[in-house]
Number of protein chains: 2
Amino acid sequence: MPRAGLTPERVAEAAADLADSIGLENVTISALARNFGVADASLYSHVKNIRDLRVRVAFLAASDFADRITAAVAGRAGRDALVAFANAYRDFALAHPGRYAATHIEIAPEEAVRSTGGARIIGATYAVFHAYGLKEPDLTDAVRLLRSTFHGYVSLEAIGAFRDPREVQASWDRGVEALATLLENWPSSNS
Amino acid sequence: MPRAGLTPERVAEAAADLADSIGLENVTISALARNFGVADASLYSHVKNIRDLRVRVAFLAASDFADRITAAVAGRAGRDALVAFANAYRDFALAHPGRYAATHIEIAPEEAVRSTGGARIIGATYAVFHAYGLKEPDLTDAVRLLRSTFHGYVSLEAIGAFRDPREVQASWDRGVEALATLLENWPSSNS
DNA sequence: CTCGAAACCTAAAACCATTAATCGTTTGCC
DNA sequence: GGCAAACGATTAATGGTTTTAGGTTTCGAG
């Protein structure tokens, strides 16, 4: 019987693809094993348990996500960079719902440092925001606000929460514009 | 053998409480049955299946949520109402994580009409926003933006995504203020 | 070729969702 | 008050999932 050639990396990648097509919560050890044509227990040679598998998917997804975002904002600055960042964010989340969901599982700080993807995303985010001349703590406040908006928007959109006939794409574009304007006129803390 | 006195309502309520304490995804038929001291199968007299149970929790939670929000904004207007809305939103989500999560499970529009909670929340939201004099489609765009921000913020906070030492409460307060300012200066569509 | 590590397997225990068949308990009604 | 139907709950059984333990096969380096 030929071997499937599994490795932790290939298992995580397959799990990520599966998550994008059937949803992260439906990615089971069994489903993944079926995918590879191996017995369920075989996967335990490569991942510790289902939680470990999900964390691996999260790290992989964060790295992919960071790639897209850094590519999108490269060579751009100011509002231009912000719009590119926002659209890259939403495009990734809608194109890779399973991977995107994985980037939002709860991970302890000690565990999170094993991945560079998260730090790269944060770095790219602060880089975009630095152009707006915000100083701490305003910078962190603004980053949190916009990050929340992006995350909330794509999450709600993904579950079909926007039922008004108004086009979601148009709403998004206007929202991003409004946020850019908000950043340009950020009410600083000592005012 | 004495009866446990189960009803669909009591089952859903217990499920909601359980969800708040152990997380919605860990609310299983088995765990709930254990809670009541009955056999797993007994619950099937009251709920169709696990999905039905979650939908019931979602409806119950939406109703509770709507109560809190309408109470918070009652008698307030303008920025005052918006701040009250925002804080009621966050307080509920942090105090009732399981119920809050239930309000964001995917529910088909046909099914959603069986609950009035969702509509009441939307009504309260639009009421708060009307004070800002926005006309469609700006109104819907603004509602979507702020709803996304609130949802994103509490979701990220709940999974521990804000790791900067900056106090989350302070960030939130500043963010809500910034959003209020944004609403007052909303860049209208034909400008 | 061989031998050791890596890859994969079978078996089994434990938990969860669901259905079917059954049986005691209420309840409404004469 | 008594009885039949509806109800509330039970046991039993099926099938899927996670995980551990231990055994066997394959592959590549020496």
Side-chain angles (χ1 to χ4, degrees), chain A residues 1-60 97-98 101-102 105-108 111, chain B residues 1-61 97-99 101-102 105-108 111:
Chain A
M1 194 169 292
R3 299 200 170 185
L6 304 187
T7 67
E9 290 72 28
R10 289 197 55 202
V11 168
E13 194 125 5
D17 290 342
L18 197 56
D20 281 339
S21 63
I22 67 174
L24 184 64
E25 71 283 2
N26 298 319
V27 175
T28 64
I29 296 284
S30 302
L32 198 53
R34 260 192 306 273
N35 233 31
F36 279 115
V38 301
D40 295 4
S42 302
L43 294 183
Y44 285 86
S45 302
H46 309 283
V47 301
K48 237 187 10 251
N49 50 39
I50 184 77
R51 156 88 188 158
D52 178 47
L53 174 64
R54 296 205 173 118
V55 170
R56 284 172 190 274
V57 172
F59 288 173
L60 183 153
I105 63 175
E106 214 167 337
I107 294 183
E111 206 176 3
Chain B
M1 193 165 298
R3 299 197 173 184
L6 304 186
T7 66
E9 290 72 27
R10 289 196 55 201
V11 169
E13 195 126 4
D17 290 342
L18 197 56
D20 281 339
S21 64
I22 66 173
L24 183 64
E25 71 283 2
N26 297 318
V27 175
T28 63
I29 295 285
S30 302
L32 197 53
R34 241 180 337 256
N35 232 34
F36 280 114
V38 301
D40 295 5
S42 304
L43 295 183
Y44 286 89
S45 300
H46 309 282
V47 301
K48 240 193 0 255
N49 49 39
I50 186 75
R51 157 88 189 159
D52 179 47
L53 173 64
R54 296 206 173 118
V55 171
R56 283 172 190 275
V57 172
F59 287 172
L60 183 154
R99 282 176 166 83
I105 63 175
E106 217 168 332
I107 295 184
E111 205 176 2

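In what follows, every chain begins at residue 1, and chains take the letters A, B, ... in the order their sequences are listed.
- Taking atom CG on Leu32(A) and atom C1' on dT18(D), their separation rounds to 13 Å, with Å as the unit.
- Close to dA6(C), at under 4.0 Å from its OP1 or OP2, lies no side-chain N or O of His46(A).
- Side-chain atoms of Leu43(A) and Leu53(A), non-hydrogen and from C-beta on, never get closer than 4.5 Å to each other.
- Leu18(A) contributes atom CG, which lies 8.5 Å from atom CG of Asn26(A) (distance to the nearest 0.5 angstrom).
- Summarising the geometry, atom CZ belonging to Arg34(A) is positioned 5.5 Å from atom OG1 belonging to Thr28(A); distances are rounded to the nearest 0.5 Å.
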| side-chain contact (heavy atoms from CB on, under 4.5 Å) between Val27(B) and Val57(B): does it pass, once the steps are laid out? | CA-CA 11 Å; Val27(B) 175; Val57(B) 172; over 6 Å; no
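- As a whole-Å value, the separation of Arg10(B) CZ from dC7(D) P is 19 Å.
- With sequence neighbours left out, Asp40(A) forms a salt bridge (Lys or Arg N to Asp or Glu O under 4.0 Å) with no residue at all.
- Spacing between atom CG of Leu6(B) and atom C1' of dG8(D) amounts to 8 Å, rounded to whole angstrom units.
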Enumerate the protein-to-nucleotides 12-17 of chain D contacts in which both atoms are nitrogen or oxygen and the separation is below 3.5 Å.
unit_1	atom_1	unit_2	atom_2	d
dT17(D)	OP2	Arg34(A)	NH1	3.4

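- Whole-Å rounding puts the Lys48(B) NZ to dA17(C) C1' distance at 15 Å.
- Nearest-nucleotide mapping onto DNA chain D: of Arg54(A) and Leu43(B), the residue sitting toward the 5' end is Leu43(B).
- Among dT10(C), dT18(C), dA9(D), the nucleotide with an atom closest to any side-chain atom of Ala39(A) is dT10(C).
- Separating the CG atom of Asn49(A) from the P atom of dA21(D) is a distance of 13 Å, rounded to the nearest angstrom.
- From Arg56(A), atom CZ reaches atom CD of Glu9(A) across 7.0 Å, with rounding to the nearest 0.5 Å.
- Nearest nucleotide to the side chain of Tyr44(B), out of dA9(D), dT18(C), dC8(C): dT18(C).
- Residue Ser42(A) places at least one side-chain N or O under 4.0 Å from the OP1 or OP2 atom of dC9(C).
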